[in-house]
Amino acid sequence: MLRIVLFLVLIALAAAGAAWVADQPGDLVLTAGSFRASTTLPRFVFLLGLFAAAVVLLWSIVTMIWRTPGRMRRRRHEKRHARGRHAITHGLLAIGHGDTALARRHAEAARRHAPNDPLALLLHAQSAQLEGKRDEAQRVFRAMAEREDTRLLGLRGLFIEAQRADDAVGAVMIAEEAIKLSPSSTWASHAVLGFRCARGDWSGALAILESNLSAGLIDKPAYRRQRGVLLTARALELEKMDRDVARESVMEAIKLAPTLVPAAVLAAKFESEAHQVRRAMKLVETAWLANPHPDLADAYAHVKLGDSARQRLQRVETLAAKTHPDKPGHVEGQLAIARAAIDASEFARARQVLAPYINDPTQRVALLMAEIERAEHGDSGRARAWTLRAVRARHDPAWTADGYVSDRWRPVSPVTGRLDAFQWQTPVASLPSDKATTIESSAFEEAMLAAPPPKRVTAAPSESPVEPVVTGPAPAPAAQDNSPPETKETAKETVKETVKEAVAETATEEPAVAPAEPVKPAPDPAESSPPAATPVFRTRADLGKPAPIPAVIPIVRAPDDPGIDDEGPSDEFTEQIGTPKPHAKAQAGGWRGFWSRWGA
């Protein structure tokens with residue numbers, strides 16, 4: 001509106017000026033030497049306007065001619081830039097949907113039309129990665145790392161290529177250089193933090209954590225939790241070397257993360273040694289309410305040194321009562337009570353708390369029942385039957401991170417290097433499946449569990465009673481998701497061998513228990529020396545000892561890479577344990593074996 005009013009005002013002023021010029025009388029005379037021109041004022045103003053318009057038109061023509069080469073160069077550059085942008089856009093789209101040839105063609109066009117464009121360099125590097133040309137990709141990423149505007153992007157590409165080549169040291173060196181340039185780089189801080197944790201450099205890891213908090217990469221609650229995890233890891237490492245530093249670290253960790261299980265266990269241990277029983281119990285109770293764990297129950301039972309087994313049982317019952325029966329962690333309290341009751345020889349109490357779980361037992365429930373049968377009645381047959389149930393029973397919760405199952409808590413995941421990745425949960429391998437069970441139930445096992453326990457034979461009054469030596473079953477190793485599956489044939493052979501040994505042992509030691517089926521006596525061995533008894537749990541040849549976490553671990557791996565070896569070192573002596581396979585030829589013993597080993 002204001003512009004319209006201003007335009008009308010200008011029109012009015014121009015009309016008023018033109019009327020004033022037209023109303024002026026007289027002539028305008030211009031004299032120059034002998035030249036003399038005379039005209040009226042309106043005519044002079046009209047001619048002056050024409051002259052000004054001609055000058056402006058001429059100046060415009062001259063300027064246009066002068067600027068034509070530059071405009072032509074600019075237009076040609078703009079066309080090249082547009083073609084380069086078009087090639088970059090469609091090249092990135094081709095990389096997105098995996099068209100290698102189209103991506104390479106667009107990358108060459110982008111490099112030809114926009115050689116200095118950062119996105120053209122990125123397209124070139126990613127097309128080389130898509131084709132598997134790692135050397136070319138590294139060369140482009142190095143060129144990007146030398147430029148000021150693409151330095152971080154080039155370092156990021158070199159970091160990924162170092163990871164693909166399993167060069168963890170080179171990857172971390174690149175990440176440390178990137179974090180110096182930009183402390184807010186999430187990938188760089190994550191890589192450096194995981195590497196320092198794997199190396200045991202807890203002070204350096206805490207410094208990176210402080211830098212992440214200053215850069216705003218993590219919030220305050222996450223910072224407190226991760227700092228508590230790092231301090232707990234340092235305390236566990238220094239527990240036997242520098243107890244003062246370990247105590248100081250774990251006390252700070254339990255303040256930052258009061259529900260962290262290893263921190264609560266270690267802090268309760270230090271408080272118990274300092275005779276601060278109430279404080280130690282309070283620490284364990286706080287962590288137990290958040291995450292019931294067997295280590296917490298054990299720490300709570302032994303919080304007061306010198307207590308008897310019955311006193312420990314009463315204390316564990318108090319702790320287990322704090323968990324509501326509807327919560328998933330209630331079973332941990334019942335198992336803790338059963339464990340303490342067995343230690344206190346309260347077998348009736350142990351059977352009572354385990355009764356709701358024996359129809360569908362987990363491995364820990366089955367092993368506890370086997371221990372009860374062996375310790376209360378000395379019934380090796382029933383104990384062996386429960387041990388067989390533990391072989392095919394569901395897995396119990398374990399420390400799990402990214403599909404990796406560990407027998408102890410660790411601060412970082414060995415697969416991805418993620419901090420505070422281990423959670424107490426049921427492994428993925430133990431989830432219910434639609435397939436049939438690998439080991440079928442046997443009639444001997446059902447008959448053995450259904451039979452009444454044998455009566456103990458009391459010794460004469462003059463004789464001194466001799467207690468049998470009781471050996472508890474060896475704890476089963478934690479199953480891992482990436483362990484090689486046990487074949488059905490191997491499992492059946494294991495069950496058959498174990499059942500035969502159980503029947504033989506029951507027939508010789510405990511005649512009160514009658515087996516369900518008659519068992520034929522085993523043939524005499526070829527060797528003169530008596531054969532060694534086959535253990536219940538045998539070490540499989542394709543499962544070696546778990547490899548320790550290396551000092552340098554790959555920080556990031558592909559999702560389908562579990563991070564550990566599927567095949568361990570084979571042991572020739574382990575493979576010979578148990579009954580040989582039908583196609584394997586057993587080696588003779590005595591002088592025949594001696595001559596056969598010498599090739600005779």
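Nothing here was measured: the structure is a model prediction, and the numbers come from that model.
For the atom pair CG of L313 and CZ of R339, the computed distance is 11.5 Å after rounding to the nearest 0.5 Å. Considering CD1 of I218 and CD of E210, their distance stands at 8.5 Å, rounded to 0.5 Å. Rounding to the nearest 0.5 angstrom, the gap separating the OG1 atom in T259 from the CD1 atom in I254 is 8.0 Å. Here the OG1-CH2 distance, from T232 to W202, works out to 10.0 Å after rounding to the nearest 0.5 Å. In this structure, S308 OG and Q314 CD are separated by 7.5 Å, a value rounded to the nearest 0.5 Å. Summarising the geometry, atom CZ belonging to R227 is positioned 13.0 Å from atom CG belonging to N212; distances are rounded to the nearest 0.5 Å.
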Apply side chain to side chain contact (heavy atoms under 4.5 Å, CB included) to the pair W424 and W409, showing each step before the final yes or no.
CA-CA 9 Å; W424 182 254; W409 176 85; over 6 Å; no

Test log, rule side chain to side chain contact (heavy atoms under 4.5 Å, CB included), inputs V284 and V303
CA-CA 9 Å; V284 175; V303 72; 5.9 Å; no

Worked verdict on R225 versus L260 for side chain to side chain contact (heavy atoms under 4.5 Å, CB included)
CA-CA 9 Å; R225 174 74 181 188; L260 187 62; 3.4 Å; yes

Check against side chain to side chain contact (heavy atoms under 4.5 Å, CB included), M144 and R156:
CA-CA 10 Å; M144 295 173 66; R156 171 65 170 164; over 6 Å; no

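A 4.5 Å side-chain heavy-atom check between L335 and L354 finds at least one atom pair inside the cut-off. Using a 4.5 Å cut-off on side-chain heavy atoms (C-beta onward), R164 and Q129 make contact. Residues L231 and L206 have side chains in contact (heavy-atom distance under 4.5 Å, counting atoms from C-beta outward). Residues R139 and D135 have side chains not in contact (no heavy-atom distance under 4.5 Å, counting atoms from C-beta outward). The shortest distance between side-chain heavy atoms of H395 and Q363 falls below 4.5 Å. Counting only heavy atoms from C-beta outward, the side chains of R247 and K269 never approach each other to under 4.5 Å. Side-chain contact between D295 and P262 is absent, with no heavy-atom pair separated by less than 4.5 Å. Residues L238 and S249 have side chains not in contact (no heavy-atom distance under 4.5 Å, counting atoms from C-beta outward).
With F270 as the fixed residue, the side chain to side chain contact (heavy atoms under 4.5 Å, CB included) test singles out one of R279, M251, Q276: M251.
W288 and L319 get closest at one heavy-atom pair: NE1-O, 3.4 Å.
Using cut-offs of 30° and 60° for the angle between ring planes, the W187 and F159 rings count as tilted.
Under the 3.5 Å distance criterion, the side-chain polar atoms of R394 are left unmatched by any main-chain donor or acceptor of T362. Judged by distance alone, with hydrogens and angles left aside, the side-chain atoms of S189 form a donor-acceptor pair with the main-chain N or O of S185 at under 3.5 Å. Judged by distance alone, the side chain of R389 and the main-chain N or O of I358 form a donor-acceptor pair under 3.5 Å. With hydrogens and angles disregarded, a donor-acceptor distance shorter than 3.5 Å links the side chain of T400 to the backbone of A398.
Using a cutoff of 4.0 Å between basic side-chain nitrogens and carboxylate oxygens, E332 and R364 are scored as salt-bridged. Between E373 and R351, at least one side-chain N (NZ, or NE/NH1/NH2) sits under 4.0 Å from a carboxylate O, which counts as a salt bridge. Of the charged side-chain nitrogens involved, at least one lies within less than 4.0 Å of a carboxylate oxygen, so that R243 and E273 count as a salt-bridged pair. Looking at D343 and R312, no side-chain N of the basic residue comes within less than 4.0 Å of a carboxylate O on the acidic one, giving no salt bridge. No salt bridge links R142 with E161; every basic N to acidic carboxylate O contact stays at or beyond 4.0 Å.
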